[in-house]
Amino acid sequence: MAKLTFSCVFLFLFFISFFVQSSNVAYNVISFGAKPDGKTEATQAFLKAWQSACNSAIASTIYIPKGRFLLKATVFRGPCKNRITVKIDGTLVAPTDYHALGNSGYWILFIKVDRVAVYGGTLDAKGAGFWACRNSGKSCPVGARSITFNWANNIVVSGLTSINSQLTHLVINSCNNVVVQNVKLIAPDLSPNTDGIHVQTSTGVTIKGSTMQTGDDCISIGPGTNNLLMSNIKCGPGHGVSIGSLARELNEAGVQNVTLTNAVFTGSDNGVRIKSWARPSNGFVRNILFQNIVMRNVENPIIIDQNYCPHNQGCPLQSSGVKISEVTYRNIQGTSATAEAVTFDCSPSSPCRGIKLQDIKLTYNNRAATSSCKNIGGTSSGVLVPESCL
């Protein structure tokens, strides 16, 4: 009888616990004063909704219904008491005057949050005016990244569309355990520095099922990135998937355990790229896998550039100290927009080591492309077009 009583009490407590954990309170930004007309500023209404959700002892949802909501630079700050879901059915729009975001560097910023999920919706940063300012050579604000996560853990971003970002669309900085899936990040191919996703100083990031059409890197991978998985990616136009630029500083965290698999690059300036400044550095790149990739008219399908020194400023006659090793290129096929499809321009002071080519088939104008190697060691196997220079 005692055992039966104990079991009943245990089951009762279990179901109560499950019910409490499953409970969810919803906060509609409309009820906090936001108007979906795209003209009335909704920043304070969004912040009030966030504060209510952040202070909630049970899991909560912030709901943004259909319509257009005008937001200035907005900071969603934690830590919060429980998990928060941000469900967006509408469009968040930035002010048309790019000066309104000033020199903040961000538009929408999540900082020191845990267990936050952002689902659906569109971000329209209206970046055209800012790009025009940058291209004119005038004095301009620093620009704003559309959505940024700083010092955040256990984050999900799913189904989001971001268009016309002033700078990078999505930034993941100093985060752990982030999933980005089914996002679309779009800006004109000549818009400056409109990277799709930038990851740095972060561990356990997964990017999958996403499309990036940008004016800079589709995905850029900065120092301190560990255990990054990218899969089912569509890139182009843009500058490809890039590790770097590295060696900006002498003391710089390394990049390791990065995988890109099942990707299609179309008309991009680069395919898979590793790039470092020609400067001393304690940094490194190791244990990288690029596999199952299709190139369609890509200018530099496979490239390592350790002599990056734009305008010959800050690094003439120097050599990159970044140590690049254990990089595998497997099953990469398609067409190059230039005669040289594979370029390994490694550092004379820190040569690339353990580079592996396996089953590469890249053509240029219906004939085999070419390859070039400098300061590199490695192996090659399988079908190799162009012929390996390793």
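Note that the coordinates shown come from a computational prediction; the quantities given were computed from them, not determined experimentally.
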field: Test side-chain hydrogen bond (donor to acceptor under 3.5 Å, both in side chains) applied to T259 and T261, step by step
entry: CA-CA 6 Å; T259 295; T261 185; over 6 Å; no
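- Atom OG1 in T343 sits 9.5 Å away from atom NZ in K374 (nearest 0.5 Å).
- Hydrophobic clustering keeps I163 apart from W107 (ILVMFWY residues linked when any side-chain heavy atoms are closer than 4.5 Å, directly or through intermediates).
- In this structure, the side chains of C373 and L390 come closer than 4.5 Å at one or more pairs of heavy atoms.
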message: Working note: T363 + N366, criterion side chain to side chain contact (heavy atoms under 4.5 Å, CB included); need CA distance, chi angles, decisive distance, verdict.
response: CA-CA 6 Å; T363 61; N366 296 316; 5.7 Å; no
message: I'd like to know whether T85 forms a side chain to side chain contact (heavy atoms under 4.5 Å, CB included) with I62, so could you lay out the CA-CA distance, the side-chain angles of the two residues, the decisive distance to 0.1 Å, and finally the verdict.
response: CA-CA 6 Å; T85 299; I62 297 173; over 6 Å; no
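- The two residues N182 and S210 come nearest to each other via the heavy atoms N-OG, 3.4 Å.
- When atom types are taken as modelled, the side chain of S276 and the backbone of S320 share no donor-acceptor pair closer than 3.5 angstrom.
- One hydrophobic cluster, built from ILVMFWY side chains closer than 4.5 Å, cannot hold both V241 and V171; they sit in different ones.
- Between the N300 side chain and the I302 main chain, no donor and acceptor come within less than 3.5 Å of each other.
- Residues L92 and I30 are members of one and the same hydrophobic cluster, defined by side-chain heavy-atom contacts under 4.5 angstrom among Ile, Leu, Val, Met, Phe, Trp and Tyr.
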field: Test log, rule side chain to side chain contact (heavy atoms under 4.5 Å, CB included), inputs V298 and T335
entry: CA-CA 7 Å; V298 174; T335 57; over 6 Å; no
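- At least one side-chain heavy atom of I207 sits under 4.5 Å from a side-chain heavy atom of I219.
- In this structure, K87 pairs ionically with D89, as a charged nitrogen and a carboxylate oxygen lie closer than 4.0 Å.
- Not one N or O on the side chain of D359 forms a donor-acceptor pair closer than 3.5 Å with the backbone of R330.
- Side-chain atoms of M230 and T206, non-hydrogen and from C-beta on, never get closer than 4.5 Å to each other.
- In the hydrophobic cluster analysis, where Ile, Leu, Val, Met, Phe, Trp and Tyr join through side-chain heavy atoms closer than 4.5 angstrom, I147 is grouped together with L71.
- Residues V29 and P65 meet the side-chain proximity criterion, which asks for heavy atoms closer than 4.5 Å.
- The local environment of CZ in R353 is crowded, with over 12 non-hydrogen atoms from other residues, nucleotides or ligands closer than 6.0 Å.
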field: Step-by-step side-chain hydrogen bond (donor to acceptor under 3.5 Å, both in side chains) determination, T328 to Q358
entry: CA-CA 8 Å; T328 298; Q358 179 181 353; over 6 Å; no
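- Inspection of the T168 and H198 side chains reveals no N or O donor paired with an N or O acceptor under 3.5 Å.
- In this structure, the side chain of N270 does not engage the main chain of G240 through any donor-acceptor pair within 3.5 Å.
- Of the listed residues (D217, D216, D305), just one forms a salt bridge (charged side-chain N to carboxylate O under 4.0 Å, His left out) with R273, and that residue is D217.
- Between the side chain of S336 and the backbone N or O of T338 there is at least one donor-acceptor pair closer than 3.5 Å.
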S319 and S347: CA distance, side-chain angles, deciding distance, side-chain hydrogen bond (donor to acceptor under 3.5 Å, both in side chains) verdict: CA-CA 6 Å; S319 177; S347 167; 2.9 Å; yes
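- When side chains are defined from C-beta on, T194 does not count as touching L167, because their heavy atoms never get closer than 4.5 Å.
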field: Candidate pair T214 and S191, rule side chain to side chain contact (heavy atoms under 4.5 Å, CB included), full reasoning
entry: CA-CA 7 Å; T214 69; S191 55; over 6 Å; no
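- With hydrogens and angles left out, the side-chain atoms of N24 and T61 include a donor and acceptor closer than 3.5 Å.
- Closest non-hydrogen pair, S220 versus G244, comes out as CB-O, 4.5 Å.
- In terms of modelled atom types and a separation under 3.5 Å, the side chain of D37 and the main chain of K39 share a donor-acceptor contact.
- Checking side-chain atoms of N173 against main-chain N and O of N150 turns up no donor-acceptor pair under 3.5 Å.
- When all heavy atoms are compared, the tightest approach of N164 to P188 is OD1-CD, 3.8 Å.
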message: Please determine whether ring pair (Phe, Tyr, Trp, His ring centres under 6.0 Å) holds for the pair Y27 and F46, giving the CA-CA distance in whole Å, both sets of side-chain angles, and the decisive distance to 0.1 Å.
response: CA-CA 10 Å; Y27 300 100; F46 274 62; over 10 Å; no
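- Centroid-to-centroid, the aromatic rings of F110 and W151 stay 6.0 Å apart or farther.
- Hydrophobic cluster membership differs between Y106 and W50, with clusters built from Ile, Leu, Val, Met, Phe, Trp and Tyr side chains linked at under 4.5 angstrom.
- Across L357 and S388, no two heavy atoms sit closer than the pair CD1-OG, 3.9 Å.
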query: What's the verdict on salt bridge (Lys or Arg N to Asp or Glu O under 4.0 Å) for K126 and D97, showing C-alpha distance, side-chain angles and the deciding distance?
result: CA-CA 9 Å; K126 295 185 177 293; D97 181 0; over 6 Å; no
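- Separation of the Y329 and F344 ring centroids falls under the 6.0 Å cut-off.
- When every heavy atom of Q213 is checked against every heavy atom of G236, the shortest pair comes out as CG-O, 3.2 Å.
- Using modelled atom types, no side-chain atom of Q306 and backbone atom of C346 make a donor-acceptor pair closer than 3.5 Å.
- The distance from the CG atom of L170 to the CD1 atom of I108 is 11.0 Å, given to the nearest 0.5 Å.
- More than 12 heavy atoms of other residues, nucleotides or ligands shown are found within 6.0 angstrom of CZ on R115.
- The cationic group of R134 does not satisfy the cation-pi geometry with W131, failing either the under 6.0 Å distance to the six-membered ring centre or the 45° limit from the ring axis.
- Distance check, rounded to the nearest 0.5 Å: CZ of F290 to NZ of K356 gives 14.5 Å.
- Looking only at side-chain heavy atoms (C-beta outward), I172 and V180 come within less than 4.5 Å of each other.
- A donor and an acceptor atom, one from each side chain of N282 and N251, are located under 3.5 Å apart.
- The CD1 atom of I360 sits 4.5 Å away from atom CD1 of I332, with the distance rounded to the nearest 0.5 Å.
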- request: Starting from the C-alpha separation in whole Å, work towards a yes-or-no answer on side-chain hydrogen bond (donor to acceptor under 3.5 Å, both in side chains) for N307 and D345.
  value: CA-CA 7 Å; N307 289 294; D345 186 8; 2.9 Å; yes
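- Rounding to the nearest 0.5 Å places NE2 of H169 at 10.0 Å from CD1 of I197.
- In this structure, S371 OG and E387 CD are separated by 7.5 Å, a value rounded to the nearest 0.5 Å.
- P95 has its side chain within reach of K72: a pair of non-hydrogen atoms, C-beta onward, lies under 4.5 Å apart.
- Two residues are said to be in side-chain contact when any heavy atoms from C-beta on lie closer than 4.5 Å; T40 and L70 fail this criterion.
- In this structure a side-chain-to-backbone donor-acceptor pair under 3.5 Å is missing from Q256 to N226.
- Looking at T201, its side chain never comes within 3.5 Å of a backbone N or O of S174 through a donor-acceptor pair.
- Closest non-hydrogen pair, K35 versus F69, comes out as O-CD2, 3.7 Å.
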